[in-house]
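The first residue in the sequence is number 1, and the count goes up from there. Everything numeric here is computed off the predicted structure, so don't read it as measured data. Hydrogens, waters and symmetry mates are skipped; everything else that's a heavy atom, side chains included, is used.
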Amino acid sequence: QRENDAIAAGEKEAKQRQLAETSLVDMYTSYGISAGEQQKPDQAVLWFANAAHLAKQDKERASANCVRFGAWCTELPIPTRMFQHTGDEVRAIQLHPSGRFLIVRDRSSQTIVWDFKSEDYYALPDSYWNLSSAAWSPIGDRLAVGTPDGTVGIFRVSDGKLLVEFAHTPPIRALVFSPDGSHLVVASDVIRSWSFREQAYLGTSLRSSDEVAWLSFADDGSLLAVALEDGQVYVHELRQGGLAEEPRLSVKTYCHPKL
């Protein structure tokens with residue numbers, strides 16, 4: 001009799017556990033459906049994935065939640081490539097217009113150019129193994145790179161050919177092409193505009209009060225924003241390719257300019 005009672009108690013406990021798990025699966029599923037109705041696919045897939053995992057003993061419920069998981073995954077951005085950056089904390093990234101290459105710059109200004117197709121660094125000459133800044137031209141046909149010793153190199157992206165090389169006050173902190181690709185602004189504690197047609201710097205050399213963190217052109221190329229590490233932002237006009245000495249606007253921000 002005791003043995004029969006123990007078996008009956010075990011069966012009752014198993015049934016209660018199954019009912020509890022089924023209730024939990026249905027609750028997860030309900031939360032997933034609710035998240036989907038609220039246009040929150042990231043939360044929906046998590047609820048459906050957990051429901052499917054918990055319902056391993058209930059093939060019908062597990063299959064239904066797997067279908068829901070797959071359907072809502074189509075609403076999420078799925079990583080297609082990845083790599084491990086071995087340097088300091090990443091502070092800035094710039095994707096090539098084709099999506100094949102990526103510039104990564106970290107807190108210590110170490111800069112790399114990654115080729116997703118070859119899953120390796122973009123091939124540059126040995127003299128450019130250590131980069132402190134890089135930028136793509138607007139249409140992606142050229143890559144500008146700067147080094148801590150003040151060398152600027154312009155490479156043709158398609159075959160890696162060095163097109164132009166010139167010097168700047170080291171170390172180079174930031175680079176940006178003008179929207180029409182005719183000029184390159186180079187910044188260390190000195191900011192200058194290089195003309196590809198003239199093969200020379202144009203206009204005034206500006207000095208910054210702190211390290212330059214970022215450069216950005218207005219869409220029409222008439223204005224250049226210069227963000228410093230201390231949070232100060234200056235906006236300068238471009239006149240005949242050169243930078244105006246006095247800023248048109250000066251703003252103090254209270255967060256890091258790259259964030």
Side-chain angles (χ1 to χ4, degrees), residues 10-108 110-122 134-141 143 157-158 176 179 213-214 216-219 225 227 253-259:
E11 290 176 347
K12 182 179 180 180
E13 182 180 349
K15 185 176 290 186
Q16 289 175 338
R17 183 166 55 249
Q18 185 178 2
L19 287 172
E21 288 180 353
T22 299
S23 296
L24 191 57
V25 168
D26 290 344
M27 183 176 70
Y28 285 178
T29 301
S30 175
Y31 287 163
I33 292 172
S34 177
E37 290 174 347
Q38 297 175 49
Q39 299 302 310
K40 298 177 179 178
D42 54 334
Q43 295 182 23
V45 297
L46 292 176
W47 285 118
F48 293 139
N50 278 286
H53 177 73
L54 190 61
K56 288 183 292 187
Q57 304 303 319
D58 188 332
K59 293 184 178 180
E60 185 176 343
R61 280 182 167 83
S63 176
N65 278 291
C66 283
V67 170
R68 294 185 181 102
F69 173 83
W72 281 103
C73 273
T74 62
E75 302 295 320
L76 292 175
I78 304 298
T80 58
R81 296 286 191 277
M82 66 174 293
F83 70 96
Q84 180 70 37
H85 178 63
T86 57
D88 205 343
E89 174 189 342
V90 173
R91 297 295 292 271
I93 58 175
Q94 185 182 4
L95 191 65
H96 186 264
S98 70
R100 174 176 169 176
F101 308 103
L102 181 71
I103 294 170
V104 179
R105 185 169 184 261
D106 64 24
R107 183 187 292 272
S108 64
Q110 178 185 350
T111 301
I112 65 166
V113 184
W114 187 259
D115 183 344
F116 286 116
K117 185 176 181 179
S118 66
E119 295 191 343
D120 202 351
Y121 298 111
Y122 180 80
W136 306 113
S137 63
I139 62 173
D141 60 330
L143 167 67
V157 172
S158 60
V176 66
W214 200 251
S216 181
F217 267 104
D219 289 343
T253 63
Y254 293 94
C255 63
H256 193 280
K258 292 182 189 174
L259 300 181

Which atoms form the tightest heavy-atom contact between [X] and [Y], and what is the distance?
X    : Y    : answer
A44  : G36  : CB-N, 4.0 Å
A218 : P179 : O-CG, 3.3 Å
P138 : P97  : O-CG, 4.0 Å
A62  : A55  : CB-O, 3.3 Å
W214 : A92  : CZ3-CB, 3.5 Å
T111 : A134 : CG2-CB, 3.9 Å

Gap between atom [atom2] of [Y] and atom [atom1] of [X] - 0.5 Å precision:
X    : Y    : atom1 : atom2 : value
L76  : D42  : CG    : CG    : 6.5 Å
S98  : F116 : OG    : CZ    : 10.0 Å
Y28  : E21  : OH    : CD    : 10.5 Å
Y122 : R100 : OH    : CZ    : 8.5 Å

Could you go through R105 and R91, starting from their C-alpha distance and side-chain angles, then the distance that decides it, and tell me whether this counts as side-chain contact (heavy atoms from CB on, under 4.5 Å)? CA-CA 6 Å; R105 185 169 184 261; R91 297 295 292 271; 5.8 Å; no
How far apart are the C-alpha atoms of W114 and Y121, what are their side-chain angles, what is the distance that settles it, and do they pass the ring pair (Phe, Tyr, Trp, His ring centres under 6.0 Å) test? CA-CA 5 Å; W114 187 259; Y121 298 111; 5.3 Å; yes
Take L54 and N65 through the test side-chain contact (heavy atoms from CB on, under 4.5 Å) and record every step on the way to the result. CA-CA 10 Å; L54 190 61; N65 278 291; over 6 Å; no
Are D106 and S108 linked by a side-chain donor-acceptor pair shorter than 3.5 Å? yes
For the residue pair F101 and H96, does the interplanar ring angle fall in the parallel (under 30°), tilted (30 to 60°) or perpendicular (over 60°) class? perpendicular
CA sep, side-chain torsions, deciding dist, call: I33, F48, side-chain contact (heavy atoms from CB on, under 4.5 Å): CA-CA 8 Å; I33 292 172; F48 293 139; 4.0 Å; yes
Checking T74 side chain against A71 main chain: does a donor-acceptor pair fall under 3.5 Å? yes
Taking V25's backbone N and O only, do any of them form a donor-acceptor pair with T29's side chain (distance below 3.5 Å, no angle check)? yes
Quick one, R61 with D26, criterion side-chain contact (heavy atoms from CB on, under 4.5 Å). Give me CA distance, side-chain angles, the key distance, then yes/no. CA-CA 8 Å; R61 280 182 167 83; D26 290 344; 2.8 Å; yes
For atom [atom1] of [X], is the number of surrounding heavy atoms from other residues, nucleotides or ligands below 6.0 Å larger than 12?
X    : atom1 : result
Y31  : OH    : no
D219 : CG    : no
I93  : CD1   : no

